[in-house]
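Since the structure is predicted, the reported quantities are computational estimates derived from the model, not experimental observations.
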Amino acid sequence: MAETAPTTLGDLAHEVRSKNAGPFWVTMELFMRDADGYRIAADETFLNEGTVARLYGLDEADVRMFRIPSLNVVKISFPRPVSQASLRDRDVHSGQHHVPLALLPVPAT
């Protein structure tokens, strides 16, 4: 019998995206499909500053999270690893930063 892959935040979301928030910050947004998905994404025991810090190799104190229940959105911001368009910048628009977040498995219900 084949095992099924775990459900991820990306599976529950309408869209998960990342973008620049100026030359020194990245913002990621989880647009959840419904209130049930939002409850999972907004659950501070599951997705919190520590979780994001571990996913992205950040200091937990640098992560900012905003939960917007009226829109079923969770927004996350953190400093870019290098400034935008600097010599070591490999993602000028921060368009790929959302992938680890989208692939994060959600707790089994």
Side-chain angles (χ1 to χ4, degrees):
M1 177 181 263
E3 290 186 36
T4 60
T7 301
T8 65
L9 278 175
D11 294 330
L12 300 179
H14 174 67
E15 182 176 9
V16 181
R17 68 182 181 191
S18 54
K19 59 186 179 180
N20 284 333
F24 306 109
W25 285 80
V26 171
T27 291
M28 299 185 298
E29 297 159 326
L30 290 158
F31 294 89
M32 306 313 290
R33 293 184 189 279
D34 54 32
D36 291 334
Y38 174 78
R39 275 192 289 280
I40 292 169
D43 181 350
E44 293 183 35
T45 63
F46 165 57
L47 184 58
N48 54 47
E49 291 82 352
T51 305
V52 174
R54 284 187 296 280
L55 280 175
Y56 292 94
L58 304 167
D59 183 342
E60 186 175 335
D62 290 336
V63 178
R64 306 287 182 263
M65 294 190 69
F66 308 92
R67 293 167 177 87
I68 309 166
S70 61
L71 299 174
N72 291 336
V73 170
V74 175
K75 187 172 187 167
I76 302 164
S77 294
F78 55 84
R80 289 177 58 99
V82 296
S83 62
Q84 181 183 19
S86 67
L87 183 62
R88 296 182 313 154
D89 186 9
R90 300 183 328 179
D91 187 1
V92 174
H93 300 290
S94 298
Q96 302 303 312
H97 283 69
H98 69 282
V99 174
L101 183 64
L103 295 176
L104 185 65
V106 299
T109 54

Assigning hydrophobic clusters by single linkage (Ile, Leu, Val, Met, Phe, Trp, Tyr; side-chain heavy-atom cutoff under 4.5 Å), is V26 placed with V73?
no
Sub-4.5 Å side-chain heavy-atom contact between M65 and E44
no
Going hydrophobic residue to hydrophobic residue with side-chain gaps under 4.5 angstrom, can you get from L9 over to F78?
yes
Main-chain N/O of W25 paired with R80 side-chain donor or acceptor, under 3.5 Å
no
T27 and K75, any side-chain heavy atoms less than 4.5 Å apart
yes
Side-chain heavy atoms under 4.5 angstrom apart, residues restricted to Ile, Leu, Val, Met, Phe, Trp, Tyr: same cluster for I68 and F31?
yes
Are the side chains of M32 and V74 in touch, meaning some heavy atoms are under 4.5 Å apart?
no
Counting distance only, does the side-chain N/O of T51 pair as donor-acceptor with the main-chain N or O of F46 below 3.5 Å?
yes
Flag, side chain of N20 to backbone of P23, donor-acceptor distance under 3.5 Å
no
Students often mix this up, so state it plainly: with edges at 30° and 60°, are the rings of H97 and Y56 parallel, tilted or perpendicular?
parallel
L104 with L58, same ILVMFWY side-chain cluster at under 4.5 Å:
yes
Flag, side chain of T8 to backbone of L103, donor-acceptor distance under 3.5 Å
no
Where do V16 and M28 land on the side-chain contact (heavy atoms from CB on, under 4.5 Å) test, with the steps shown first?
CA-CA 7 Å; V16 181; M28 299 185 298; 5.9 Å; no
